[in-house]
Amino acid sequence: MTQVKKVLGANPMVMVLPIGVEDGFVGMVDLLTRKSYIWDDSGEPENFEVSDVPADMVELVEEYREKLIEMAVEQDDDVMMQYMEGEEPAMEDIKRCIRKGTTALDFFPTYCGSAFKNKGVQLILDAVVDYLPSPTEVKPQPLTDEDGNDTGEVATVSIDEPFRALAFKIMEDRFGALTFVRIYSGVLNKGDTILNTYTGKTERIGRMVEMHADDRNEISSAQAGDIIAIVGMKNVQTGHTLCDPKNPSTLEPMIFPEPVISIAVSPKDKGGSEKMGIAIGKMIAEDPSFRVETDIDSGETILKGMGELHLDIKVDILKRTYDVELEVGQPQVAYRETITEEIDDTYTHKKQSGGSGQFGKIDYRIKPGEPGTGYVFTSSVTGGNVPKEFFPAIEKGFRGMMEKGPLAEFPVLDVEIELYDGGYHAVDSSAVAFELAARGAYRQSMPKAGPQLIEPIMKVDVFTPDDHVGDVIGDLNRRRGMIKDQEKGVTGVRVKADVPLAEMFGYIGTLRTMTSGRGQFSMEFSHYLPCPKNVSEVVIAETKERNAAK
């Protein structure tokens, strides 16, 4: 109970007390009825006896029962006055107060049990019926427009309202795609045409089924409050709203967090590429928190997910379900290159091979640019030494070379090139000649301008319980991180830091180990910073080796 308060910041209402602990756990006492439920060792949920409270627990039961009732009667002034006058409220009034407080999230009825031994299941199910709200007792879903803005209207749960439903899960099985749908209002009949407000397309409902684990019951109609599966829907994804075409509306969409971890994968055999593509396409439809992209720099297929276990399961599904064996590794970090020194230089491109030749001379200045500016080309040529019509060719020549830096062939960022003079030939000069001159100038001058490797820095937001803050900060420092801020919350501390992406692979496993599984983190790209010399040397050597192997 202490952990529920500390970790979740919730207010638990103790409804039962366990009889025995760990290996000696045999059942529990229901505080409201003062009855004990004791199971035998068969493991069957129905094999239990109801009897009086064990003698050694009477005082403890009365103590916790009093706390329970005091917490419940706060929901109703009349019942509270009755209790304060020394009269215990009727059981119906106590349950009504518990239901009201549960619906308002003022407290959370809390039970114990053993799922493994099937002990306590009945009491949980009874509590679901007694205390959890029906769809008509909670705030109805707000309706939004196409841009996600709140319209001020709500999806009232009623069969008399227009049809509105939310697709909340997609699942592939041997009969095709199953779309699980919760109906918020109205009635849906087999053969109806419905509108998907996300895609703007209509679809006709074929088969509808009620799911019972692996079994399914064919149904011809469903109504507000039902959860059903529709067979064979096209272009519907998790979070899409399905509604009456005459009354278009959008239910509040689901928010899926951004992936925090990624791995690089490739099929073990050449024939697996197509199978992998088809399989991953189906898996993305089923799980919106699973993303896939191709790294432009390395050509690797990158799987992104919520954690290492999430991605481990995806790789296992690809193997077991789709028969795709994968090679799994770390994705290559998207390093970049820049320069640190300003230099003036000149380059002449001259070629004569019979007929008209090629001639282009450029005098130029290369200098470091402002962070985030990329590549900037300017010209200050006066007097017509280089005609203006050749400026675009020179700019194009330099730009084309920026894709491969002088150190390890990573793209170059934050460089300014100024053309300030040059020379041309009335016959031999052309756009092609000046473009080739710019390319040659790049190869000649960039290695002399103090080239430097720069690495992506991630904005990292780590949540940790109070007692592990020191461990988390120490670990981030070891990862070359810079701590920016700490925010104290109800259940722990948020640590914000800038950390190189190269140091963040496998971080979720370390964080969960340090925090006993309670730590979480998110990260997003922030900016580029120079690599330390020792890191830079390793990356350059590895990249040259990899490029040589290609």
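For clarity, every value in this text was computed on a predicted model and none was experimentally measured. Residue indices begin at 1 and follow the sequence shown. Any value given below was found using the heavy atoms of this structure, including those in side chains, with hydrogens, waters and symmetry copies removed.
Electrostatic pairing of Asp76 and Lys100 does not count as a salt bridge here, judged by no charged N lying under 4.0 Å from a carboxylate O. Taking a cutoff of 4.0 Å between a charged side-chain nitrogen and a carboxylate oxygen, Arg478 and Glu503 do not qualify as a salt bridge. Between Lys67 and Glu63 there is a salt bridge, with a side-chain nitrogen of the basic residue lying less than 4.0 Å from a carboxylate oxygen of the acidic one. Salt-bridge formation is not detected for the pair Lys234/Glu203: no Lys NZ or Arg NE/NH1/NH2 atom is positioned less than 4.0 Å from an Asp or Glu carboxylate oxygen. The pair Asp485-Arg494 fails the salt-bridge criterion, with no side-chain N (NZ, NE, NH1 or NH2) lying under 4.0 Å from an Asp/Glu carboxylate O. The existence of a salt bridge linking Lys319 and Asp316 is excluded, since no basic side-chain nitrogen approaches an acidic carboxylate oxygen closer than 4.0 Å.
Environment of NZ in Lys488: crowded, with over 12 heavy atoms of neighbouring residues, nucleotides or ligands closer than 6.0 Å. Taking a 6.0 Å sphere around CE of Met91, one finds it holds more than 12 heavy atoms contributed by other residues, nucleotides or ligands.
Applying the ring-ring contact (aromatic ring centres under 6.0 Å, His included) test to Tyr322 and every residue at least two apart in sequence or in another chain returns nothing. The salt bridge (charged side-chain N to carboxylate O under 4.0 Å, His left out) test applied to Glu70 returns no partner, not counting sequence neighbours. Take Lys459 and apply the salt bridge (charged side-chain N to carboxylate O under 4.0 Å, His left out) test, not counting sequence neighbours, and it matches no residue. Residues satisfying the salt bridge (charged side-chain N to carboxylate O under 4.0 Å, His left out) test with Asp226, not counting sequence neighbours, are none.
Side-chain polar atoms of Thr199 and Asn235 form no donor-acceptor pair below 3.5 angstrom.
Considering only heavy atoms from C-beta on, Val315 comes within 4.5 Å of Ile263 through its side chain. Counting only heavy atoms from C-beta outward, the side chains of Trp39 and Met28 approach each other to under 4.5 Å. Side-chain contact between Asp498 and Val460: absent, with no pair of heavy atoms (C-beta onward) separated by less than 4.5 Å. Counting only heavy atoms from C-beta outward, the side chains of Cys97 and Met80 never approach each other to under 4.5 Å. Using a 4.5 Å heavy-atom cutoff, the side chains of Pro54 and Val29 are in contact.
Of all heavy-atom pairs spanning Glu137 and Thr103, the tightest one is O-CG2, 3.5 Å. When all heavy atoms are compared, the tightest approach of Ile280 to Phe290 is CG2-CE2, 4.5 Å. Among all heavy-atom pairs drawn from Val499 and Leu476, the shortest one is CG2-CD2, 4.1 Å. Listed here is the closest heavy atom pair of Val236 and Leu242: CG2-CD2, 4.3 Å. In terms of heavy-atom proximity, Thr238 sits nearest to Ala285 at OG1-O, 4.1 Å. Residues Glu286 and Met171 share a closest heavy-atom pair of OE2-C, 4.0 Å.
Judged purely by atom type and a 3.5 angstrom limit, Lys314 has no side-chain atom pairing as donor or acceptor with the backbone of Met283. Side-chain atoms of Ser42 come within 3.5 Å of backbone atoms of Glu44 as a donor-acceptor pair (strictly under, hydrogens ignored). With Ser36 contributing its side chain and Asp52 its backbone, the two residues share a donor-acceptor pair below 3.5 Å. Judged by distance alone, with hydrogens and angles left aside, the side-chain atoms of Ser526 form no donor-acceptor pair with the main-chain N or O of Ile457 at under 3.5 Å.
Note: Tyr507 OH to Arg479 CZ = 6.5 Å, rounded to the nearest 0.5 Å. With values rounded to the nearest 0.5 angstrom, Gln82 atom CD is found 9.0 Å from Glu88 atom CD. Here the straight-line distance linking atom CE of Met208 with atom CD of Glu218 works out to 9.5 Å at 0.5 Å rounding. Within the model, atoms OG1 of Thr515 and CZ of Phe463 stand 9.0 Å from one another, a figure rounded to the nearest 0.5 Å. Ile230 contributes atom CD1, which lies 6.5 Å from atom OG1 of Thr179 (distance to the nearest 0.5 angstrom). Note that CZ of Phe163 and NZ of Lys246 are 14.5 Å apart. Values are rounded to the nearest 0.5 Å.
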Would you give me the side-chain donor-acceptor pairs under 3.5 Å for residues 180-192, sequence neighbours excluded?
{"residue": "Ser185", "atom": "OG", "partner": "Pro162", "partner atom": "O", "Å": "2.7"}
{"residue": "Ser185", "atom": "OG", "partner": "Arg164", "partner atom": "NH1", "Å": "3.3"}
{"residue": "Asp192", "atom": "OD2", "partner": "Asn189", "partner atom": "N", "Å": "2.8"}

N/O donor to acceptor pairs below 3.5 angstrom from side-chain atoms of residues 108-115, sequence neighbours left out:
{"residue": "Thr110", "atom": "OG1", "partner": "Phe108", "partner atom": "O", "Å": "2.7"}
{"residue": "Ser114", "atom": "OG", "partner": "Lys117", "partner atom": "N", "Å": "3.1"}

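When the options His310, Lys169, Lys282 are evaluated for a side chain to side chain donor-acceptor pair (under 3.5 Å) with Asp287, the one that passes is His310. Each of Asn217, Leu178, Ile228 was compared with Met211 under the side chain to side chain contact (heavy atoms under 4.5 Å, CB included) criterion, and only Leu178 meets it.
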(message) Please evaluate residues Gln75 and Arg99 with respect to the criterion side chain to side chain contact (heavy atoms under 4.5 Å, CB included), reporting the C-alpha separation (whole Å), side-chain torsions for both, the decisive distance (0.1 Å), and the verdict.
(response) CA-CA 9 Å; Gln75 298 293 322; Arg99 186 182 182 93; over 6 Å; no
(request) Go through Leu68 and Ile98 one step at a time and tell me if the side chain to side chain contact (heavy atoms under 4.5 Å, CB included) criterion holds. (result) CA-CA 9 Å; Leu68 187 161; Ile98 295 173; 4.0 Å; yes
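The aromatic rings of His240 and Tyr198 sit parallel to each other, their planes meeting at less than 30°, with 60° as the upper class boundary.
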